[in-house]
There are 2 protein chains.
Amino acid sequence: MHITDAERKIMECLWQSHPATSTELAERLENATGWRQGTVKALLNRLLNKGAIEAERVGRGYRYSPGVSREDCVSEASQRFLARWFDGRLAPLVAHLSDHRKINPQELEEIKALIKELEDEC
Amino acid sequence: MHITDAERKIMECLWQSHPATSTELAERLENATGWRQGTVKALLNRLLNKGAIEAERVGRGYRYSPGVSREDCVSEASQRFLARWFDGRLAPLVAHLSDHRKINPQELEEIKALIKELEDEC
DNA sequence: ATTATATGATTACAGCGGTAAACGCAAGAG
DNA sequence: CTCTTGCGTTTACCGCTGTAATCATATAAT
């Protein structure tokens, strides 16, 4: 399942807090996107059709909830990205970013800590 | 500058070896993509228009070369990807992949080595 | 010089993505 | 009961992407 960029903004909202009505979502997104209600609703329908969200009828309207986890989406996107540019591997990305000074010392520390954890638990 | 997926395949060819004629490129891509010559040529023109490649007239045809480096494209794509999903930071990606067992031991070693290098040279 | 061939340029077209207007219906206001 | 208003559904439209056919032209072969 491929989530587009506009759809992703809706999903982020839902992952953050759900269920939510289309009106609530439109309000929450208004600021960041400037989208009209109709836009939000159209995107919700596309997400429904591809099974990325679920809708539960409540009175006059619906409550929407994510149908896929953010974790899963992130995994898919990461695999796609790494496959495209780095032969599917993480190390070359780290190498690239470090070559281009795109990693600051704090991040470096974080990653080092992560790796230590990984080693310990293995 | 945004390189689309089909365009990227052309670029990969050119980055790998250039300059190259459209015919050479079509031959090299034939296997991987099944594209006709016309398809390759159309993509080359789009890339020319957006300044991603350069063309040098030679006799009847052109020799094409990259106008942007792979490094730069990779940087852009990486920043975009990390911004979308990980607040622009690398550490959370590493954390995610490790949580989901998407890093094999060999990669872990590679990354560890990279980090050690980085530390040493600082 | 005429014909065939290779190369490039133009045009096409369907599908997807972003954005939204238009239309219809239900629920509350008077 | 009628009118307005909010929500949902349908339809629209443009630009981009992937893919290619078609047209034009220059070079090569006869």
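So you know, we letter chains A, B, ... as the sequences are listed, proteins then strands, and number each from 1. Note that this is a predicted model, so its numbers are computed, not measured.
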Checklist entry - Does a side-chain N or O from A:Tyr62 land closer than 4.0 Å to OP1 or OP2 of D:dT9, or not? => result yes
Next on the checklist: Taking atom types as they are modelled, would you say the side chain of A:Arg46 forms a donor-acceptor pair with the base of D:dT9 within the 3.5 Å cutoff?
Outcome noted: no
Item to check | Value in whole Å for how far the P atom of C:dT10 lies from CG of B:Leu43 | outcome: 16 Å
Next on the checklist: Within the 4.0 Å heavy-atom criterion, would you say A:Asn45 contacts the bases, only the backbone, or no part of the nucleic acid?
Outcome noted: base
Next on the checklist: In this structure, how many angstroms lie between the C1' atom of C:dT19 and the CG atom of A:Leu47, rounded?
Outcome noted: 15 Å
Next on the checklist: Output the rounded distance in Å from CG (A:Leu44) to C1' (C:dG18).
Outcome noted: 14 Å
Checklist outcome for this item: When rounded to whole Å, the CG to C1' distance for the pair A:Asn49 and D:dT9 reads 11 Å
Item to check | DNA chain C-proximal residues of residues 15-31 of chain B, any heavy atom under 4.0 Å | outcome: B:Ser22, B:Thr23
Next on the checklist: How many whole angstroms separate atom CZ of A:Arg36 from atom P of D:dT9?
Outcome noted: 21 Å
Next on the checklist: I'd like to know if A:Arg60 reaches the base of C:dG28 with its side chain, counting only an N/O donor and acceptor under 3.5 Å.
Outcome noted: no
Checklist entry - For A:His2 and C:dG17, is the shortest distance between a side-chain N/O and OP1 or OP2 below 4.0 Å? => result yes
Item to check | Interatomic distance where CG belongs to A:Asp5 and P belongs to D:dT17 [whole Å] | outcome: 13 Å
Checklist entry - Sequence neighbours excluded, which residues qualify as ring-ring contact (aromatic ring centres under 6.0 Å, His included) partners of A:His100? => result A:His96
Item to check | Most 5' of A:Lys9 and B:Arg57 on DNA chain C, judged by nearest nucleotide | outcome: B:Arg57
Checklist entry - Which pairs, with at least one residue in residues 43-66 of chain B and sequence neighbours excluded, count as a salt bridge (charged side-chain N to carboxylate O under 4.0 Å, His left out)? => result B:Glu7-B:Lys50
Next on the checklist: On a heavy-atom basis, which atom in B:Met11 and which in B:Ala52 lie closest, and how many Å separate them?
Outcome noted: CE-O, 3.4 Å
Checklist entry - To the nearest angstrom, how far is A:Ile10 atom CD1 from C:dG18 atom C1'? => result 11 Å
Checklist entry - Is the backbone N or O of B:His2 less than 3.5 Å from a side-chain atom of B:Glu76, with the two atoms forming a donor-acceptor pair by type? => result no
Next on the checklist: Between B:Lys9 and B:Glu12, does any side-chain N to carboxylate O distance fall below 4.0 Å?
Outcome noted: no
Checklist entry - So, does A:Glu24 use its side chain to make a donor-acceptor pair with the main chain of A:Thr21 at under 3.5 Å? => result yes
Checklist entry - Can you tell me if the side-chain N/O atoms of A:Lys41 get under 4.0 Å from OP1 or OP2 in D:dC7? => result no
Checklist entry - Does A:Leu29 offer a backbone N or O that forms a donor-acceptor pair with the side chain of A:Thr33 under 3.5 Å? => result yes
Item to check | A:Gly38 or A:Lys50, whichever maps to the more 5' nucleotide of DNA chain C | outcome: A:Lys50
Next on the checklist: For C:dC16 and A:Thr4 - does any side-chain N or O of the residue sit under 4.0 Å from the phosphate oxygens OP1/OP2?
Outcome noted: no
Checklist entry - Under 4.0 Å: is that the gap between some side-chain N or O of B:Thr39 and OP1 or OP2 of D:dA20? => result yes
Next on the checklist: Strictly distance-based, threshold 3.5 Å: is any side-chain N or O of A:Trp15 a donor or acceptor partner for the main-chain N or O of A:Val68?
Outcome noted: yes
Checklist entry - Once you round it to whole Å, what is the distance between C1' of C:dC16 and CD of A:Glu7? => result 10 Å
Checklist entry - Out of D:dA20, C:dA9, D:dC7, which has the shortest distance to the side chain of B:Trp35? => result D:dA20
